[in-house]
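A short worksheet on the structure shown next.
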Amino acid sequence: MLHDVIVIGAGFSGCTAARILAEKGKKVLLLEKRNHTGGNCFDFKNETGITIQKYGPHIFHTNNTEVWEFLNRFSLFNDYTHKVLSFQSGNFYTVPINKKTICDYFRLDINNVNITEVLKNEIEQSFFNDPPENFEDQVISQVGKNLYEAFFKNYTLKQWGKDPKNLSADIAKRVPVRDNIDDRYFSDIYQGIPAEGFTNLFIKMLDHPNIDILLNTDYFDLKLPYTPELTIYTGELDLFFDYKYGKLEYRSLDFKYETLNAEFFQPAAVVNYPGRESWTRITEYKQFLDEKSDKTTLCYEYPTNSGEPYYVIINEENLKKRNLYMQEVKKLEDQGNFIFAGRLAEYKYYNIDQAVESVILKLYQSIK
Ligand code: FAD
Ligand code: UDP
C-alpha cells in the first residue's frame, strides 16, 4: 500500500505526528527500529506484576493545556506527584534544594531561619562567573559552592562524564531552587503517569485505521519503492546527514534491575546519589502507579558514553555542530517534504511535553 506519510521513530514525537496526520486523512507508515512502540517511554509489567519503564523513570509534567488534553484522549493520568530525595553520608535530603534541604544540610532550625540570608551568605562566599557561563556557575550563583559540591558536582560529573564547567548553564536551569518547603520535583500544573502505563497510551494513540506500523525496521535499511509526500524523522540528527559536520555527542545509560523480597526499599520513587557510588539514581517503580506487591523492583542507572543515545549533551561544541545541521534541516523543511522533530532529530533536551508540543507546532505550520 502506498502511504502519504512516513514517520521514522515511534516515540512520543513520532506517535503524535502519526495520530494527527491519520486524523487529517493521511495514510501513515510508522517505522520503528526497536521491537516496540513508545520510544524511551515504553513500559511493561515484569514477573512480579510491577510496571517497569525500560528506559528509566518517566513522569509526565506540563503547563501546556493543549498537550495535556491531547494526551488525555488516549489515557487517564494518575495523580502521582514526583518527589525526589538525594542520599549522602547516611541522610536523605529533599531535592530540588528547598528551605528544608538547606536547614537539614547546615543543621539550622527551620522554624527560626532567614533562608534568604543563608543563601545570600553562601553565594557571597563563593567564586563564580557572573553572569554564569556554564553549569557550575549557574548552580553556584543560586546556592553557593557548599551546596553545589554536596548536591550537584559529583552527580553531574557522573551523569555527563564531563566537567560541569564544560556544560551549558541551561542544564542547571532545569532544576529550581526554592526558599519555601515545596518538595515537588516539578511545579507544572499538570503532572502524572498514564494510569495503565505509557505503553497502553501508545497503543490507543496508534489505534487508527490510517496508521500502519512496521517494527524492527531501520529507516536507513529500507528501500521504499515510492517517495511519500511527507517524511517525519525523529532519529539522530547527525546520522541523518551522515555526520558531515562531525559527530554530535549523546550520553547513554546502563540500567540494572534488582527485585527484592521486601515491600519497599526507599522513601521516594527516585533517590539521587551525588556521592562516590557509580550509579546516579535508583528508581523504585511500584511507587509510580501505587502497585501492591510483597516484592519491589529497583532500577539503578549507570551513565556511559556507549549505547543508546538517551541524552543530548548541551555544551558549546555540540551546539556549534547542531547549528550547522539545523541549517540543513531548515533547507529540507522549507521544501515541504520533511519534518525533523523530537529529542534526537532536533538535538534538544526535551521533556515529553516539549517533544509533543514541537511536533504539533511543526505539523500546524506544514499542513496549515
Ligand atoms: P524517543 O523516545 O527517543 O523516540 C525516538 C524513536 O525513534 C526511538 O524509539 C528509536 O528507536 C526510533 N528511531 C531512531 N532512529 C530510527 C531509525 N533510523 N529507524 C527507525 N526508528 C528509529 N521526559 C519527561 O517529560 N519526564 C521525565 O520524567 C523524563 N525522564 C527521562 C528519563 C530518561 C532516563 C531519559 C533518557 C529521558 C527522560 N525524559 C523525560 C525525556 C523523554 O524520554 C523524551 O522527551 C521523549 O521520550 C522524546 O520522545 P521522542 O519521540 O522525541 O524520542
Ligand atoms: N542534578 C544534580 N543533582 C541532582 C539533580 C540534578 O546534579 O540531584 C543535575 C544533573 O546534572 C542533571 C541535571 O541537574 O543531569 C538535570 O536534572 P534532571 O533531573 O532534569 O535530569 P534528568 O531527569 O533529565 O536525568
Side-chain angles (χ1 to χ4, degrees), residues 6-17 30-42 53-62 67 82 84-88 93-97 101 135-136 138-139 148 150-160 162 164 167 170-176 185-186 188 191 193 198 202 214-222 232-237 239-240 250-253 255 270-274 280-281 283 288 299 301 303 308-314 340-346 348-356 358-359:
I6 299 218
V7 178
I8 300 143
F12 260 108
S13 305
C15 293
T16 299
L30 177 60
L31 303 177
E32 171 52 57
K33 65 181 174 184
R34 293 176 179 165
N35 63 1
H36 58 75
T37 57
N40 289 340
C41 298
F42 169 77
Q53 299 179 343
K54 184 172 176 188
Y55 305 100
H58 283 80
I59 301 93
F60 183 75
H61 56 102
T62 191
V67 170
H82 195 38
V84 177
L85 296 170
S86 179
F87 185 77
Q88 50 184 293
Y93 297 95
T94 302
V95 281
I97 289 178
T101 320
F135 181 98
E136 180 177 297
Q138 179 64 35
V139 179
Y148 164 71
F151 291 92
F152 288 89
K153 187 175 179 179
N154 203 36
Y155 186 100
T156 297
L157 264 168
K158 289 194 283 186
Q159 169 68 16
W160 300 101
K162 290 196 185 297
L167 291 167
D170 287 345
I171 300 175
K173 291 180 194 157
R174 291 173 60 86
V175 188
Y185 201 71
F186 306 116
D188 305 53
Q191 39 189 304
I193 294 176
F198 280 98
F202 287 108
L214 261 185
L215 297 178
N216 303 304
T217 307
D218 191 320
Y219 169 66
F220 296 105
D221 296 336
L222 190 77
I232 298 181
Y233 180 72
T234 75
E236 291 147 72
L237 175 62
L239 170 64
F240 187 92
Y250 301 90
R251 190 72 167 155
S252 194
L253 296 168
F255 301 105
V270 172
V271 175
N272 289 353
Y273 284 80
T280 45
R281 58 186 176 191
T283 300
F288 282 159
C299 175
E301 289 175 47
E308 290 283 302
Y310 295 127
Y311 289 94
V312 302
I313 304 182
I314 305 300
F340 286 67
R343 209 181 222 214
L344 297 172
E346 294 181 67
K348 282 213 162 177
Y349 194 169
Y350 275 154
N351 296 321
I352 297 168
D353 63 325
Q354 295 167 312
V356 171
S358 166
V359 79

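Just follow the structure's listing: the first ligand is 1, and inside any ligand the first atom is 1.
- Inclusion of Y155 in the set of residues having an N or O under 3.5 Å from an N or O of ligand 2 is not warranted.
- Contacts of W160 with ligand 2, taken as heavy-atom pairs under 4.0 Å, involve the side chain alone.
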Quick check on ligand 1: any N or O pairs to the protein under 3.5 Å? One line per pair.
from	atom 1	to	atom 2	distance (Å)
ligand 1	2 (O)	N40	N	2.9
ligand 1	3 (O)	N40	ND2	3.3
ligand 1	9 (O)	E32	OE1	2.7
ligand 1	9 (O)	E32	OE2	3.1
ligand 1	11 (O)	E32	OE2	2.7
ligand 1	18 (N)	D218	OD1	3.0
ligand 1	19 (N)	Y219	N	3.1
ligand 1	21 (N)	K33	N	3.1
ligand 1	23 (N)	I352	N	3.4
ligand 1	25 (O)	I352	N	2.8
ligand 1	26 (N)	I59	O	2.8
ligand 1	28 (O)	I59	N	2.8
ligand 1	28 (O)	I59	O	3.4
ligand 1	30 (N)	P57	O	3.0
ligand 1	39 (N)	H58	NE2	3.4
ligand 1	43 (O)	H58	NE2	2.8
ligand 1	45 (O)	Y350	O	2.8
ligand 1	45 (O)	N351	O	3.4
ligand 1	45 (O)	I352	N	3.4
ligand 1	51 (O)	F12	N	3.1
ligand 1	51 (O)	S13	N	2.9
ligand 1	51 (O)	S13	OG	3.3
ligand 1	52 (O)	S13	OG	2.7
ligand 1	52 (O)	R343	N	3.0

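- When only non-hydrogen protein atoms are considered, atom 17 (O) of ligand 2 lies nearest to V175 CG2, 3.6 Å.
- Protein heavy atom closest to atom 3 (N) of ligand 2, with residue, atom name and distance, is F151 O, 3.0 Å.
- Ring planes of Y148 and F135: tilted class, angle from 30 to 60°.
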E32/T217 under side chain to side chain donor-acceptor pair (under 3.5 Å): CA gap, chis, key distance, verdict: CA-CA 6 Å; E32 171 52 57; T217 307; over 6 Å; no

Residues D221, Y219; criterion side-chain contact (heavy atoms from CB on, under 4.5 Å); working and verdict: CA-CA 5 Å; D221 296 336; Y219 169 66; over 6 Å; no

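- The nearest non-hydrogen atom to atom 20 (O) of ligand 2, considering only E301, R174, R281, Q88, comes from R174.
- R281 forms no cation-pi arrangement with Y155, by the criterion of a distance under 6.0 Å to the ring centre and an angle within 45° of the ring axis.
- The closest non-hydrogen atom to atom 13 (C) of ligand 2, taken over I171, L157, V95, I97, comes from I171.
- Remark: R174 is positioned above the aromatic ring of Y349, its terminal NZ or CZ atom under 6.0 angstrom from the ring centre and at most 45 degrees off the axis.
- Look at E308 and K54 and you find no salt bridge, because none of the NZ, NE, NH1 or NH2 atoms lies under 4.0 Å from a carboxylate O.
- Short contacts between ligand 2 and Y311, defined as distances under 4.0 Å to a heavy atom of the residue, involve ligand atoms 22 (P), 24 (O), 25 (O).
- Looking at heavy atoms from C-beta onward, V271 lies out of side-chain contact with S86 at the 4.5 angstrom threshold.
- Within ligand 2, counting atoms from 1 as listed, the ones closer than 4.0 Å to a heavy atom of Q159 are 15 (O).
- Using a 4.0 Å cut-off between heavy atoms, R251 makes no contact with ligand 2 at all.
- In this structure, F12 has its ring center at least 6.0 angstrom away from the ring center of Y350.
- Ranking the protein heavy atoms by distance from atom 10 (C) of ligand 2 puts T156 OG1, 3.5 Å first.
- In this pair, H58 and F198 present their aromatic rings perpendicular. The plane angle is above 60°, beyond the 30 to 60° band.
- If you number the atoms of ligand 2 from 1 as listed, the ones under 4.0 Å from a heavy atom of F135 come out as 9 (C), 11 (O).
- At a 4.0 Å heavy-atom cut-off, ligand 2 touches N272 through the side chain alone.
- Summary of contacts: the protein heavy atom closest to atom 18 (P) of ligand 2 is Y185 OH, 3.7 Å.
- Within 6.0 Å of NZ in K158 there are more than 12 heavy atoms belonging to other residues, nucleotides or ligands.
- Ring geometry, H82 versus Y185: the interplanar angle exceeds 60°, so the pair is classed perpendicular (tilted spans 30 to 60°).
- To the nearest 0.5 Å, the span separating CZ on F151 from OG1 on T156 amounts to 12.5 Å.
- Taking the side-chain contact (heavy atoms from CB on, under 4.5 Å) definition, one finds that T62 meets it with F60, N64, W68, Y190, D353, sequence neighbours left out.
- When only non-hydrogen protein atoms are considered, atom 22 (P) of ligand 2 lies nearest to Y349 OH, 3.4 Å.
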